[in-house]
J.: 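Can you read through this structure? Questions will come right after.
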Protein chains: 2
Amino acid sequence: MVVFLARGFERASIDELSEATGVVRQSLYHTFGDKRTLFLKALDQYGYTRFQWLIDELGRDRPVMESIRAVLNGWADGVSKSGFKGCLVCNSLIEFADQDKEVAAICDKHNGRIEKAFRDAIARGKERGELAASIDERAVAEFFANLGQGLALQGRRGIQRQKAAEICAVAEAVLAG
Amino acid sequence: MVVFLARGFERASIDELSEATGVVRQSLYHTFGDKRTLFLKALDQYGYTRFQWLIDELGRDRPVMESIRAVLNGWADGVSKSGFKGCLVCNSLIEFADQDKEVAAICDKHNGRIEKAFRDAIARGKERGELAASIDERAVAEFFANLGQGLALQGRRGIQRQKAAEICAVAEAVLAG
DNA sequence: TCAATTTTAGAATGTATAGTCTAGAACTAT
DNA sequence: ATAGTTCTAGACTATACATTCTAAAATTGA
């Protein structure tokens, strides 16, 4: 939900959520029980919808470097777009840390999905001889996921497109060797 | 302050802050005026003390790759340490985004200090011929700062030392070419 | 010593907001 | 149509917490 993304769990009031969704407060309680449960649903759904483009790009049948570049471009564009409010998964990780196991588990799940998409793409690139066999796809996938989290963090404050693109260009070099 | 780091601004109550610092509530108000002002001081002081080791490491007179490796090692150790609660600058960036200009300015300042430390170290490495002249020290410095932010984010949730070290090892490769 | 100042503990105030309750309106199915 | 159900608006309750107030205790300075 847009409100959770912009304001975080704590600061998002039920009235704001109600107004933003057009669902009256009583119905929110009827459907979800309480604010936290609503948040868990919103967070999980966010994870599935928001990262689909990335999983699709990395899954495409084409040279893996093209896929990676597409994702890096998408990130550079996305995080520097005016009005970008960060990533709900990253934001929630910070807001809840490990104080809420369910929130943490959902964040882990989606982070894992992203890492897996990179890992599979890189492994495929190795098989096809597009990437050096010496590359550790797990480590590189973790690296790229971490890169995205850093960008999402900086993007929440506001980051210039050029700066984001520079960072991505540097990161891309880890696959060049 | 430890309390702001662990719980964030919103969730940290004056009573907790009072207890943690050993300063009675009324004195906090007398000294700082209000909670936000106290937070601004704490955040700024945190930035100066917490990153000093990094600036020192990068400023040392030795091969620049050694300095960079020292920082990456420090990060891998630090963020995976049990009880690591993230970085107050990163956390605050997420909690306040750009809703509080003063908070954002303090975060920018300290992030800039980190980028500058990397930039200077890399520039020195280029001068000495330790690094390729083709390297863009600004972009690489931004890249490493971003890396640290990503690690701090993941560390707040809890990250295995090995995973953090793998990510750092991959990142180090951007200077290898 | 003792008046002036500062510090302290805890009560009081005000506000925000999560969650519940109520009574009426709208809808559904027979 | 009408009994039963669901939805809605808004009042109500309970709680948490920032901030202020108060009066007693501790400290200071002449």
Side-chain angles (χ1 to χ4, degrees), chain A residues 1-47 85-86 88-107 156, chain B residues 1-47 85-86 88-107 156:
Chain A
M1 306 261 190
V2 173
V3 178
F4 281 134
L5 181 57
R7 297 179 49 74
F9 174 80
E10 195 76 40
R11 291 169 129 109
S13 76
I14 298 286
D15 285 341
E16 280 174 300
L17 294 164
S18 173
E19 176 151 7
T21 56
V23 178
V24 87
R25 184 185 12 199
Q26 199 61 245
S27 299
L28 289 179
Y29 279 105
H30 181 257
T31 309
F32 299 103
D34 61 10
K35 186 183 172 188
R36 176 174 165 278
T37 305
L38 164 60
F39 176 75
L40 292 175
K41 296 273 191 209
L43 173 60
D44 199 34
Q45 189 186 322
Y46 174 94
K85 289 297 177 191
L88 188 55
V89 172
C90 296
N91 297 355
S92 302
L93 223 41
I94 292 223
E95 185 166 1
F96 291 94
D98 50 359
Q99 287 176 19
D100 187 315
K101 296 298 176 203
E102 277 189 83
V103 170
I106 293 171
C107 292
R156 180 154 169 89
Chain B
M1 309 261 191
V2 174
V3 179
F4 281 134
L5 182 57
R7 298 180 47 74
F9 174 80
E10 195 77 40
R11 292 170 128 111
S13 75
I14 297 287
D15 284 342
E16 280 175 299
L17 293 165
S18 173
E19 175 150 7
T21 56
V23 178
V24 86
R25 183 184 14 195
Q26 198 62 244
S27 299
L28 288 179
Y29 277 103
H30 181 257
T31 309
F32 298 103
D34 62 10
K35 186 183 172 188
R36 177 174 165 278
T37 305
L38 164 61
F39 176 75
L40 291 175
K41 297 271 191 210
L43 173 61
D44 199 34
Q45 189 186 323
Y46 174 94
K85 289 298 179 191
L88 187 55
V89 172
C90 296
N91 297 356
S92 302
L93 223 40
I94 292 220
E95 185 167 1
F96 290 94
D98 50 359
Q99 287 177 18
D100 188 316
K101 296 298 175 201
E102 278 189 82
V103 171
I106 294 171
C107 293
R156 180 154 169 90

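Order of the sequence lines sets the chain letters (A, B, ...), proteins ahead of strands, with each chain counted from 1.
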J.: Hey, is the main chain of A/Phe9 close enough, under 3.5 Å, to the side chain of A/Glu95 for a donor-acceptor pair?
T.: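 Yes: the side chain of A/Glu95 pairs with the backbone of A/Phe9.
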J.: Scan residues 7-24 of chain A against DNA chain D and write down, sorted by residue number, each residue with any heavy atom closer than 4.0 Å; if none is found, say none.
T.: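 Listed by number, they are A/Val24.
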J.: What is the distance, to the nearest angstrom, from the CZ atom on B/Phe39 to the P atom on D/dT19?
T.: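 To the nearest whole Å, that distance equals 14 Å.
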J.: Expressed as a whole number of angstroms, how long is the span from B/Leu28:CG to D/dT20:P?
T.: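 Checked: the CG to P distance equals 13 Å.
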J.: In whole angstroms, how far is the C1' atom of C/dG19 from the CG atom of A/Asp34?
T.: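 For the pair A/Asp34 CG and C/dG19 C1', the rounded distance is 9 Å.
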J.: Any side-chain N or O of A/Ser27 under 4.0 Å from OP1/OP2 of D/dT6?
T.: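 For D/dT6, OP1/OP2 do not have a side-chain N/O of A/Ser27 under 4.0 Å.
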J.: Please say whether more than 12 non-hydrogen atoms of neighbouring residues, nucleotides or ligands are located less than 6.0 Å from CD in A/Glu19.
T.: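 No, CD of A/Glu19 has 12 or fewer neighbouring heavy atoms, counting only those of other groups under 6.0 Å.
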J.: Among all residues two or more places apart in sequence or in another chain, which pass the side chain to side chain donor-acceptor pair (under 3.5 Å) test with A/Asp98?
T.: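 Per chain and number, A/Asp98 pairs via side chain to side chain donor-acceptor pair (under 3.5 Å) with no residue.
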J.: Does A/Arg11 reach the main-chain N or O of A/Phe4 with its side chain, forming a donor-acceptor pair under 3.5 Å?
T.: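 It does not hold such a pair.
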J.: CD of B/Gln26 versus P of D/dA25: gap in Å, rounded?
T.: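 B/Gln26 atom CD is separated from D/dA25 atom P by 17 Å.
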J.: Verify, without hydrogens or angle tests, whether A/Lys35 (side chain) and A/Ala12 (backbone) share a donor-acceptor contact under 3.5 angstrom.
T.: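 Flag set: sc A/Lys35 to bb A/Ala12 pair under 3.5 Å.
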J.: Take the protein atom OH of A/Tyr29 and the nucleotide atom P of C/dT20, then report the distance between them rounded to whole Å.
T.: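 After rounding, the reported distance stands at 7 Å.
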J.: Confirm from the modelled atom types if B/Arg25 and D/dT19 form a donor-acceptor pair under 3.5 Å, side chain to base only.
T.: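 When only heavy-atom distances are counted, B/Arg25 does reach the base of D/dT19 through a donor-acceptor pair under 3.5 Å.
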J.: Regarding B/Asp15 and B/Ser18, do their side chains bring together a donor and an acceptor under 3.5 Å, going by distance alone?
T.: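 Note: B/Asp15 and B/Ser18 side chains miss the donor-acceptor criterion.
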J.: Without decimals, in angstroms, what is the distance between B/His30 NE2 and D/dT20 P?
T.: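 Rounded to the whole Å, the gap is 13 Å.
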